[in-house]
Amino acid sequence: MKAEVFDKWMVLDNLGWEPHPGQLMISESTARHKVASCGRRFGKSDLGGHELVPECLYTATQTKILHDEMRRREFWIVGPEYSDSEKEFRVIWNELTKLEVPFDKPGSYNDPHGGDMHISCFKGKFQVHAKSAKYPDTLVGEALCGVIMAEAAKMKERVWTKNIRPTLADYRGWSLHTSTPEGKNHFYELWKLGQDPGNPDWASWRMPSWVNPYVYKDPTRRMDVKVLQGLMMDHDAKVAALENAEEGVSALRALCSQHGLRVDSEILDLMASMSVPSFNQEIGADFTDFVGRVFKEFEEEVHVGDLPYNPKWATYACVDYGYRNPNVWLVVQVGPWGEINVIRELYQRELTATEFAHEIKAEGLDRGVQCFYPDPASPGDSNILMDELRIPWRGGTGGELNDRLDAIRRALKERNTHVPRGHIDRRPTIMWDRSCTMSIYEMNEYRYPEEKEYNSVPGQEKPLKKDDHSPEALGRFFAGHFSTPQEDAGPGRISKAKFKTGVRV
């Protein structure tokens, strides 16, 4: 049977495998490298094990060719420990046993305690080996046709880059990386590759635990979980709930009832028993927790995309000055319905204002810019940029930092959440082009201090002066573009009196 007519899903359907929607989405992807950030009990091992079953039956159709070419089709399951790779191995062992596929004897072993887990079929033409990454230098072997990296976030980066990736070159082998995230480590970098349409070989997903309906019976929406977390962080709402309930789960149920939220009861129990950071990572499959984040609403899947320059949209720039800290120039476009796209960025350290202007021109980031919105504390630098670039600067960019941050937060909210994600009408007000890597990084990493200052006013705490350069520049844009006094506002501006409400005048 030829490879192009082999039907993977005929095999899986005959097995009776019924993947849930999240598993199906990943399994149906034709990307060569897949990265799935998954919450606990999503079904990662079940997914990985079933990816290998069709490979075995396909090999059965190719045994003569493989014999003539003196080749075999070898696959690895690699985990941090043998116990991690055993889960996927158990799935394929059981499924091949159910299908009565003959195992080679000797050559096939299922000893998870001793770490001896191998499957060999068709006189060694098909092989699966469960491996431990505890000692990376032991991961040597022949060319691989495919590999499953189980709990990939827990392994060292070199396991993939140095030991595994080169073995896939001979046969253009595939890889499946599944894991619960461990912060923003190398697994996150692989996940980002899959988010970029410019890398067609890669695809990635973020799958919270509640996507699995076999474990979490009641449909749960990520937005409802976020709303519920926000309500529980709000002191008044928490106290009001606890007045009518003695236990945390009852309090959460009461909030769900009051606000019309649908969250599975098991998820409620996990929310009540885990810290917010632990829940967001272990259950929500988030790479970054909410604690301390200035922009908790920012999500790369929602707010980052491919945003080319649109000649029909008005183009502006905003600036944050520095020297030891970077000078930042963001190119911002505004659409006819108030859409805001951050399409380009320039970060440069140790440049005078004149040198910075020359860099802006060299990168072509002054083209089409009608005006720029700078930090009002450095009018001399703004005048230099204006003279060098021949672009006027606008005032009104000062005011309270928290007002500027609140304006950005409002723009981060998705509109028309009743329509599916990806629909043109649902997009948030503001988005970033994926080339703006430093801006995206700072939107994720801009933080409040872990301990509040002694004299701080509730609700008016100031973020750390770290990872704040892009948000500072963007805040100047919001303040200057949307809060000019009404007599100077011009079409489409927002008066200072209505800046906080976001109402157009």
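Numbers here simply count residues along the sequence, with the first being 1. Nothing here was measured: the structure is a model prediction, and the numbers come from that model.
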Looking at [X] and [Y], does any basic side-chain N land under 4.0 Å from a carboxylate oxygen?
X      : Y      : value
Arg73  : Glu55  : yes
Glu300 : Arg206 : no
Arg293 : Glu445 : no
Arg434 : Asp196 : yes

How many angstroms lie between [atom1] in [X] and [atom2] in [Y], if you round to the nearest 0.5 Å?
X      : Y      : atom1 : atom2 : result
Asn199 : Lys192 : CG    : NZ    : 11.5 Å
His129 : Leu144 : NE2   : CG    : 9.0 Å
Leu47  : Ile26  : CG    : CD1   : 5.5 Å
Glu69  : Lys64  : CD    : NZ    : 10.0 Å

For the backbone of [Y] and the side chain of [X], can you confirm whether one donor and one acceptor N or O come within less than 3.5 Å of each other?
X      : Y      : value
His186 : Thr161 : no
Arg222 : Asp224 : no
Arg71  : Asp68  : no
His33  : Trp174 : no
His259 : Leu261 : no
Glu88  : Ile148 : no
Asp264 : Thr220 : no
His67  : Thr63  : no
Asp467 : Tyr441 : no
Asp84  : Glu81  : yes

Query raised in the report: For the residue pair Phe75 and Phe126, is the inter-centroid distance of their aromatic rings smaller than 6.0 Å?
Result: yes
Looking only at side chains, do [X] and [Y] share a donor and an acceptor under 3.5 Å apart?
X      : Y      : result
Thr180 : Glu282 : no
Arg427 : Asn341 : yes
Tyr347 : Glu442 : yes
His177 : Ser179 : no
Trp191 : Glu189 : no

Requested in this report: Would you check if Leu57 and Val101 make a side-chain contact, meaning some heavy-atom pair closer than 4.5 Å?
Outcome: yes
**Report entry** 4.5 Å side-chain heavy-atom contact, Ser37 and Phe187
**Finding:** yes
**Report entry** Audit row: Lys217, Glu266, salt bridge (Lys or Arg N to Asp or Glu O under 4.0 Å) steps and yes/no
**Finding:** CA-CA 9 Å; Lys217 309 295 184 181; Glu266 188 69 13; over 6 Å; no
Requested in this report: Scan for side-chain hydrogen bond (donor to acceptor under 3.5 Å, both in side chains) pairs involving residues 102-112, sequence neighbours excluded, and state none if there are none.
Outcome: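 Sorted pair list: Asp104-Ser120.
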Query raised in the report: Would Lys34 and Glu51 satisfy salt bridge (Lys or Arg N to Asp or Glu O under 4.0 Å), going step by step from the backbone distance to the final call?
Result: CA-CA 12 Å; Lys34 307 177 188 180; Glu51 286 294 288; 3.7 Å; yes
Over 12 non-hydrogen atoms of neighbours within 6.0 angstrom of [atom1] in [X]:
X      : atom1 : result
Glu28  : CD    : yes
Met274 : CE    : yes
Lys156 : NZ    : no
Arg158 : CZ    : yes
Arg32  : CZ    : yes

Report task. Could you walk me through whether Arg344 and Leu330 pass side chain to side chain contact (heavy atoms under 4.5 Å, CB included), step by step? Result -> CA-CA 6 Å; Arg344 295 286 302 278; Leu330 303 181; over 6 Å; no
**Report entry** CA sep, side-chain torsions, deciding dist, call: Lys465, Glu472, side chain to side chain contact (heavy atoms under 4.5 Å, CB included)
**Finding:** CA-CA 10 Å; Lys465 288 296 295 177; Glu472 278 282 356; 3.8 Å; yes
Query raised in the report: Once the angle between the rings of Tyr446 and Phe295 is folded into 0 to 90°, is it parallel (under 30°), tilted (30 to 60°) or perpendicular (over 60°)?
Result: tilted
**Report entry** Derivation of the side chain to side chain donor-acceptor pair (under 3.5 Å) call for Ser27 and Lys8
**Finding:** CA-CA 10 Å; Ser27 189; Lys8 164 184 175 179; 3.3 Å; yes
**Report entry** Sequence neighbours excluded - salt bridge (Lys or Arg N to Asp or Glu O under 4.0 Å) pairs with any residue from residues 89-100
**Finding:**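 Found Glu86-Arg90, Glu95-Lys98.
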Query raised in the report: Would Trp210 and Asp218 count as a side chain to side chain donor-acceptor pair (under 3.5 Å) if you check the C-alpha gap in whole Å, the side-chain angles of each, and the deciding distance to 0.1 Å?
Result: CA-CA 9 Å; Trp210 55 81; Asp218 298 328; over 6 Å; no
